[in-house]
Student: 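For reference, the structure I am asking about is given below.
All values below come from the heavy atoms of this structure, side chains included, with hydrogens, waters and symmetry mates left out. Throughout, a chain's letter reflects where its sequence line sits, starting with A, and its residues are numbered from 1.
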Amino acid sequence: MTNLRAEGLSLGYDGLKVIEGLDLTLPDGKITAVVGPNACGKSTLLRGLARLHPIDGGRVTLGGTDITAMPRKELARKVAMLPQSSIAPDGVRVAELVARGRYPHQGWFGRHSSDDDAVVATALESTGVAELADRPVAELSGGQRQRVWIAMVLAQQTDIVLLDEPTTFLDVRHQLDLLDLLTELNRDRGTTVAMVLHELNLAARYADHLVVMSAGRIVAEGAPSAVLTQEVVDEAFGLRAQVVPDPVAGTPLVVPVGRFHAGA
Amino acid sequence: MAGDLRTSALRTTVAGLRATRRRRQVLVLTGMVLVVLVAGTGALLMGAAGLTPGQAIAGAVGLGDKGDVFVVQKLRLPRVEAAVVVGAAFGLAGALFQSTLRNPLASPDILGISTGASLGAVTGTLVLGLSGVALSGLAFTGAGTIALLIWVLAWRKGLHSIRFVLVGVGLAYLCASLIAWIMARSQEQEAAAVLTWTVGSVSDIRGEQLALVAAGTLVLAVAVAVVARTQGPLALGDDNARALGVHVDAARVGALLLAVALVALATSAGGPIAFVALVAPAIARRLVNDGGAALAASAATGAALTLVADVVGQHGLLGVAAPVGIVTGLVGAPYLLWLLATTEKRSR
């Protein structure tokens with residue numbers, strides 16, 4: 001068992017508590033989506049799980065070991081994280097950016113080996129950006145660029161992949177493409193995926209495990225069909241909505257009511 | 001099977017790209033070494049006593065006419081070596097600053113760190129009468145103090161903030177004023193010393209001092225090579241670097257301390273030679289263009305740039321024998337203006 005767990009976890013910024021005493025276990029080999037209104041602490045939670053954010057209280061464990069007791073590089077070989085703000089350096093080409101995912105596998109003077117090349121090639125292949133390998137990252141479209149970042153994370157060869165709003169700047173088609181890609185990785189490799197998503201209905205469709213947060217705590221978690229109810233949506237988002245079955249996937253579909261168009 | 005074949009072809013592509021980039025780095029380094037060789041040879045031949053290449057080589061190895069030997073070994077060669085060493089140190093320091101702070105403007109000369117080092121060195125040499133390691137130590141104290149002040153005053157506003165640069169510019173003025181004050185007080189009459197501590201000059205670095213700066217730069221360069229690997233992940237952003245297993249704060253402080261030490265060492269000998277630390281890494285990165293920090297190429301470019309600037313200045317191509325800092329200032333200032341004009345859209 002290599003479960004990533006938060007136990008009584010508290011996180012904050014400059015003395016301001018964002019999350020207090022939160023417990024969460026990411027189910028192994030499943031896709032977990034974290035949803036919630038703006039500033040509910042969902043990104044902070046993900047960053048805490050990846051040790052990108054200092055822990056104020058409680059702990060995060062991986063397979064029972066406190067992650068702060070692990071060397072950072074060792075953690076980076078087990079848990080990968082794609083943050084919201086990633087910078088592609090000027091002039092860097094796709095394969096070179098992806099190769100930076102090999103960092104935790106290399107020693108102090110470690111040069112890239114042919115094994116690294118193989119891992120990079122596989123990552124490019126499985127994210128569908130093989131044809132772009134020698135193109136400058138700056139020339140790519142938003143959707144392509146996001147795939148390249150995912151490829152970099154895959155080159156890290158971890159069992160757990162965390163993604164902070166990976167679909168944010170993508171149009172609807174590319175959002176679906178990306179979530180399909182993550183589903184494929186999860187199914188083909190058994191990778192545990194956890195991501196913060198904005199789009200409730202996509203989260204409900206793609207997640208095995210849905211975590212709904214509000215004001216720094218978990219309102220409900222579990223299978224999307226069990227979790228995403230009118231009451232939970234109201235409690236977490238303060239949103240009056242109807243929840244109907246998604247005609248495509250059968251998962252819950254949240255249809256907001258609003259003030260003007262109800263009763264048609 | 002078809003998939004395996006495709007992956008192995010792709011693997012070859014990836015390896016090929018890596019080899020191409022390696023070749024390009026070697027090419028840039030070789031190019032810069034050639035520039036140094038050509039400019040260095042020129043510097044040995046030119047001067048009040050014109051030498052033929054044969055006389056210069058004979059002089060450099062201690063053969064031939066005694067006068068030639070003296071001119072080459074005691075006057076011209078040390079100046080060439082000094083320009084190369086000091087330029088390399090500034091180039092490397094600039095590359096470290098710019099890549100660690102992810103800001104092409106965040107260079108030790110713009111941030112006032114070179115001026116701080118100069119203030120330390122001036123205090124050491126004119127007030128306390130120090131030289132050698134003690135002088136470099138005081139230059140390091142000056143540079144380190146400025147770095148610390150910038151950290152305290154501007155850090156939290158973010159790496160890209162123009163405030164970062166403005167605070168540095170303000171501190172640079174403060175240091176420049178203090179340098180002028182110390183010079184006025186000590187009634188320093190020697191024009192060469194005044195020029196060294198205000199605009200930078202490599203004309204008077206020789207003997208023990210040259211050996212110290214060269215050895216120190218070499219040691220620091222080796223240390224940089226040890227920590228250089230963290231620059232790749234750091235360039236992707238702090239969160240990405242942490243997620244890849246880098247101790248971001250330690251890596252950043254370590255790299256900046258080494259860079260401050262390089263600046264201090266170079267400045268304690270040659271003064272705050274303007275813009276080499278700003279311009280050399282920019283040229284090197286553009287030439288190597290692999291999204292990396294181009295540390296080695298920056299050092300080589302710094303050496304070439306400084307040597308060429310010194311040759312240009314020394315031999316009166318400006319109409320008068322000018323110290324190297326004036327020439328680099330004339331080249332660097334327009335680049336700074338261009339950078340300032342375009343930096344807003346770069347830093348989002």
Side-chain angles (χ1 to χ4, degrees), chain A residues 47 50-53 71-77 79-112 114 116-122 124-126 130-131 133-134 136-138 149 152-153 156 162 164, chain B residues 3-22 24 98-99 102 104 156 158-160 225-251 282 285-294 346-348:
Chain A
R47 298 180 75 245
R51 204 179 161 190
L52 303 186
H53 196 98
R72 269 194 184 277
K73 269 190 163 178
E74 187 190 329
L75 181 65
R77 290 192 292 266
V79 179
M81 161 103 181
L82 183 60
Q84 265 181 54
S85 54
S86 300
I87 305 159
D90 284 346
V92 77
R93 284 164 200 263
V94 168
E96 285 166 334
L97 186 62
V98 174
R100 297 208 181 173
R102 297 305 295 156
Y103 178 81
H105 296 273
Q106 293 162 338
W108 270 109
F109 289 99
R111 287 269 165 201
H112 284 268
S114 56
D116 291 328
D117 290 338
V119 174
V120 170
T122 309
L124 290 167
E125 190 96 305
S126 42
E131 287 73 30
D134 55 3
V137 175
W149 283 110
M152 189 200 80
V153 163
Q156 231 173 303
L162 310 176
D164 194 358
Chain B
D4 282 354
L5 266 175
R6 214 167 48 234
T7 308
S8 101
L10 187 56
R11 184 173 160 176
T12 315
T13 310
V14 171
L17 181 65
R18 197 148 56 71
T20 311
R21 289 324 187 102
R22 190 69 124 308
R24 180 144 179 174
Q98 293 173 28
S99 75
R102 287 193 295 273
R156 280 167 202 287
L159 299 177
H160 288 275
V226 173
V227 302
R229 270 182 49 70
T230 57
Q231 296 292 324
L234 266 181
L236 310 179
D238 284 6
D239 275 357
N240 272 295
R242 284 199 184 92
L244 287 169
V246 176
H247 288 270
V248 167
D249 297 327
R285 276 197 307 269
R286 184 146 297 188
L287 290 176
V288 174
N289 194 36
D290 64 353
R346 280 155 187 271
S347 57
R348 276 162 296 146

Student: Taking side chain as everything from C-beta outward and backbone as N, CA, C, O, which of these in B:Val246 sits under 4.5 Å from a heavy atom of chain A? Side chain, backbone, both or neither.
Tutor: both
Student: Picking from B:Thr13, B:Leu244, B:Thr12, which has the most non-hydrogen pairs under 4.5 angstrom with chain A?
Tutor: B:Leu244
Student: Check whether B:Arg21 gets within reach of chain A through its side chain, its backbone, both or neither, counting any heavy atom under 4.5 Å.
Tutor: side chain
Student: Which of the residues B:Ala241, B:Gly237, B:Ala15, B:Gly245 is involved in the greatest number of heavy-atom pairs with chain A at under 4.5 angstrom?
Tutor: B:Gly245
Student: Tell me, side chain or backbone of A:Leu75 under 4.5 Å from chain B's heavy atoms, or both, or neither?
Tutor: neither
Student: Check this for me: does any side-chain nitrogen of one of A:Asp117 and B:Arg18 sit under 4.0 Å from a carboxylate oxygen of the other?
Tutor: yes
Student: Does either side chain, that of A:Gln156 or that of A:Arg102, offer a donor lying less than 3.5 Å from an acceptor on the other one?
Tutor: no
Student: Taking every heavy-atom pair that is under 4.5 Å apart, which of B:Asn289, B:Asp290, B:Val288 has the most such pairs with chain A?
Tutor: B:Asp290
Student: Please check this pair: side chain of A:Glu96 against backbone of A:Arg93, looking for a donor-acceptor N/O pair closer than 3.5 Å.
Tutor: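 Flag set: sc A:Glu96 to bb A:Arg93 pair under 3.5 Å.
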Student: Given that the side chain runs from C-beta out, which part of A:Leu162 has a heavy atom under 4.5 Å from chain B: side chain, backbone, both or neither?
Tutor: neither
Student: Would you mind telling me which of B:Gly232, B:Gly16, B:Pro233, B:Gly291 has the largest number of heavy-atom pairs within less than 4.5 Å of chain A?
Tutor: B:Gly291
Student: With a 4.5 angstrom heavy-atom cut-off, is it the side chain or the backbone of A:Ala50 that approaches chain B, or both, or neither?
Tutor: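 For A:Ala50, there is no contact with chain B at all, as no heavy atom is under 4.5 Å.
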Student: Chain A: which of B:Val248, B:Asn240, B:Leu17 shares the most heavy-atom pairs with it under 4.5 Å?
Tutor: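 So the answer, after comparing B:Val248, B:Asn240, B:Leu17, is B:Asn240.
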Student: Which bit of A:Val119 is near chain B, if near means a heavy-atom gap under 4.5 Å: side chain, backbone, both or neither?
Tutor: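 For A:Val119, neither part sits under 4.5 Å from chain B.
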Student: What residue, out of A:Ala121, A:Ala76, A:Pro71, A:Pro89, has the most heavy-atom pairs lying under 4.5 Å from chain B?
Tutor: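 That would be A:Ala121.
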Student: Could you list the residues that satisfy side-chain contact (heavy atoms from CB on, under 4.5 Å) with A:His53, not counting sequence neighbours?
Tutor: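 Applying side-chain contact (heavy atoms from CB on, under 4.5 Å) to A:His53 gives A:Leu11, A:Tyr13, A:Thr44, A:Arg47.
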